Amino acid sequence: MEKSLRVGVMEDRGDWVHDSSVDHRGRPPSRGATGSWKAAMFIILIEFSERLSYYGIATSLMLYLTKVLQEEMKVAAKNVNYWMSVTTLMPLLGGFLADGYLGRFSTVVFSTVIYLLGLMVLATAQLSPRLKPDHSLRLHEVLFFVGIYLVSVGTGGHKPALESFGADQFDESHAAERVQKMSFFNWWNCALCSGVLLGVTVIVYAQDRIGWGAASVVLAAVMAASLVVFLAGWRFYRYRVPEGSPLTPLLQAVVAAVRKRRLVLPVDARELYEVKPQNIKKRLLCHTHQLRFLDKAAIVEYGGGEDAARPWRLATVTQVEETKLVLAMVPIWVATLPFGMAAAQVSTFFIKQGSVMDRRMGPHFVLPPASIFALAAVGMIATVAVYDKVLVPYLRRATGGERGISILRRVGIGMAFAIVALAVAAVVERRRLQSPAPASMSVLWLVPQFLLMGVGDGFALVGLQEYFYDQVPDNMRSLGIGLYLSVIGAGSFLSSLVITAADRASSRGGRASWFAKDLNHSRIDLFYWLLACIGAVNLAFYAVVATRYSYKTVRPGKGGDDKSAGDIECAAAA
């Protein structure tokens, strides 16, 4: 009788999710009725449509600025980089609001509406006769920039909240769902790249042959339809209730450590303050020996009265470890910025290279310049599929680890591919410039650099997504995705600064600048070599930082008093 009762209780616990998420009614979610792939598919679909819209705009932006708005090449490149910087830095704000105040589901809905408004402004500016550039270039330019920056604001909330909301559908404490979650980021990026692929082929072709306005209408319609589908899945989702600013617990740990800086740390880390696992739904972290100064925040001051137990005076070990995790991310974030600089070239100078080459694919078809970007998407899709279905199973058997290889090692491999892609791009561009007729050189010469960059993205971008989602505190995972996106944004901004610096240095003393008004009189090959050298030197720095990084270790025993087992496992991890 007791045995059957225990089995019944275990089955009952297995039917419900106990990871602090709730269903649409605010109750603990049913494992069979919510979450997992049944919910993730609704979420992946709206990501597909968002990437379709974003890359339909981003890959053609350089050409639109130079041809329609008649900007010089270096001015257009800077504007593209600034827009990309804002678009990929805004998720820091969007992630903060999603985690702390609005909730991830609500943030996705609000930001998608703003995104739609931006697409509608673009369509209006491109279709209305009184707003077209041949009637009023200045007014058209203003509306165009308003439209694309509304898209930036929409992306700022959409990207971090949606991706973390999708990953939230998998329970990390459940063995099967934990493995599914590792595949989620891979297949998320396959869907993402499918949207990119259609954006840089079908949408770009429509822009080139039918018109920019008609393409913007199509993008707005697809985005609106995907929002309806996303809302239709609301019963299947697992939600996280926002609990206020995710930065407050981290600041409390820092302030408490500073206030108790003169105290001596106990020899036994188990004397530091921590809540009992059964008294809290939040996952607890194991103590580590890095940044030991912060451990003073968790020293218990016996006889200190009520003031000694206040949040700004006493922090838990988990709070301290979460603060350590965020601080440890800073050197990783800095070390990946050159990869962001390399990625920024794909939608700027790589596309511009293709626009001045022979793009004829037979007697009746000319490839739109921005469609060359499809090669990078193909490279990324192939890499993610091979990695998930071939490499990971093999590496799991070889290493015995769930992931096969560590997240940061995966990122490092992608960074190496990006450096090789820049070197190949420099060689191809030099060959084009030395050709008697540069315009007659086939655009197919660009295939290697686009494919190599796509392979690099398949390793580095997916790895960065997983790293910043997995390693941040549980209550700031949207902000973690924002940190990942900020690598690309800050990289684009740094790319603009490097362009400015290289332009000034190369034109000093009356010499010709690397960045002339047209590509045939520029030396973009030297710029590529400069970025490749920066990336190579940085890769060595990244290797040092990554090898010293200590990954987050979750303490077992949630929902029961498994203190001794947890201490043993935490000690082994440390």
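None of the values given here were measured: they were computed from a predicted structure.
- Looking only at atom types and distance, the side chain of Lys159 has no donor-acceptor partner in the side chain of Tyr54 under 3.5 Å away.
- Contact between Lys324 and Thr288 at its shortest, heavy atoms only, is NZ-O, 3.0 Å.
- Looking at Asp23, its side chain does come within 3.5 Å of a backbone N or O of Arg27 through a donor-acceptor pair.
- Using a 4.5 Å heavy-atom cutoff, the side chains of Phe417 and Leu451 are not in contact.
- Residues Ser194 and Ile381 approach most closely at N-CD1, 3.9 Å, considering heavy atoms.
- Ser36 pairs with exactly one of Arg31, Gln180, Glu177 by the side chain to side chain donor-acceptor pair (under 3.5 Å) rule, that one being Gln180.
- With Arg238 contributing its side chain and Thr34 its backbone, the two residues share a donor-acceptor pair below 3.5 Å.
- Judged by distance alone, with hydrogens and angles left aside, the side-chain atoms of Thr336 form no donor-acceptor pair with the main-chain N or O of Phe339 at under 3.5 Å.
- Once rounded to the nearest 0.5 Å, the distance linking CD of Gln471 with OH of Tyr551 reads 7.0 Å.
- For the residue pair Tyr469 and Glu163, no side-chain donor N or O sits within less than 3.5 Å of a side-chain acceptor on the partner.
- With contacts defined as side-chain heavy-atom distances shorter than 4.5 Å, the pair Arg178/Phe170 does not qualify.
- Summarising the local packing, OH of Tyr549 is surrounded by more than 12 heavy atoms from other residues, nucleotides or ligands at distances under 6.0 Å.
- More than 12 heavy atoms of other residues, nucleotides or ligands shown are found within 6.0 angstrom of CE on Met329.
- Using bins of under 30°, 30° to 60° and over 60° for the plane-to-plane angle, the ring pair Phe350/Phe450 lands in the perpendicular bin.
- With no hydrogens or angles considered, a side-chain donor-acceptor pair links Asn79 and Glu71 at under 3.5 Å.
- Under the 4.5 Å side-chain criterion, counting only non-hydrogen atoms from C-beta, Pro338 is not in contact with Tyr542.
- Put simply, the side chain of Gln207 gets close to the backbone of Gly56: a donor and an acceptor are under 3.5 Å apart.
- Expressed to the nearest 0.5 Å, how far CD of Gln319 lies from CG of Leu294 amounts to 11.5 Å.
- Between the side chain of Thr88 and the main chain of Gly489, a donor-acceptor pair closer than 3.5 Å is present.
- Between Phe165 and Tyr239, the two ring planes are tilted [angle within 30° to 60°].
- Judged by distance alone, the side chain of Gln345 and the main-chain N or O of Met341 form a donor-acceptor pair under 3.5 Å.
- By the 6.0 Å contact criterion, CZ on Phe236 is open, its count of non-hydrogen atoms from other residues, nucleotides or ligands being 12 or less.
- Side-chain atoms of Ile332 and Val411, non-hydrogen and from C-beta on, never get closer than 4.5 Å to each other.
- Nearest heavy atom pair, residue Ala342 against residue Leu422, reads CB-CD1, 3.7 Å.
- Taking the six-membered ring for Trp and thresholds of 30 and 60 degrees, Tyr64 and Phe144 have nearly parallel ring planes, at less than 30 degrees apart.
- Distance check, rounded to the nearest 0.5 Å: OH of Tyr55 to CG of Leu192 gives 6.5 Å.
- Between the side chain of Ser111 and the main chain of His158, a donor-acceptor pair closer than 3.5 Å is present.
- Note on Lys552 versus Asp474: salt bridge recorded, some NZ/NE/NH1/NH2 to OD/OE distance being below 4.0 Å.
- Minimum heavy-atom separation, Ala297 to Val320: CB-CG2, 4.0 Å.
- Using the six-membered ring where Trp is involved, His287 and His289 have ring planes that are perpendicular, over 60° apart on the 30 and 60° scheme.
- Here OG1 of Thr553 is found 8.0 Å from CG of Leu285. Values are rounded to the nearest 0.5 Å.
- Heavy atoms only, all atoms of each residue included: Leu122 and Ser216 are closest at CB-OG, 4.1 Å.
- Shown here for Tyr467 and Ala328, the closest heavy-atom pair between the two residues is OH-O, 4.4 Å.
- Figure legend: cation-pi geometry between Arg410 and Tyr387, with NZ or CZ positioned under 6.0 Å from the six-membered ring centre and within 45° of its axis.
- With rounding to the nearest 0.5 angstrom, the CG atom of Leu61 is 11.0 Å from the CD1 atom of Ile351.
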Practice task
Kindly determine whether Leu461 and Tyr484 satisfy side-chain contact (heavy atoms from CB on, under 4.5 Å), including the steps that lead there.
Solution key: CA-CA 8 Å; Leu461 283 185; Tyr484 141 69; 3.9 Å; yes
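- Every side chain to side chain donor-acceptor pair (under 3.5 Å) that Ser152 has, sequence neighbours left out, goes to Trp83, Thr87.
- When side chains are defined from C-beta on, Thr155 counts as touching Tyr115, because their heavy atoms get closer than 4.5 Å.
- Between the Ser60 side chain and the Ile57 main chain, no donor and acceptor come within less than 3.5 Å of each other.
- When side chains are defined from C-beta on, Phe527 counts as touching Ser495, because their heavy atoms get closer than 4.5 Å.
- The aromatic ring centroids of Phe105 and Phe230 lie less than 6.0 Å from each other.
- Rounding to the nearest 0.5 angstrom, the gap separating the CZ atom in Arg477 from the CZ atom in Arg104 is 7.5 Å.
- The closest side-chain heavy-atom distance from Leu251 to Trp312 is below 4.5 Å.
- With Asp99 contributing its side chain and Pro246 its backbone, the two residues share no donor-acceptor pair below 3.5 Å.
- Taking 4.5 Å as the limit, every side-chain heavy atom of Leu162 sits out of range of all side-chain heavy atoms of Glu50.
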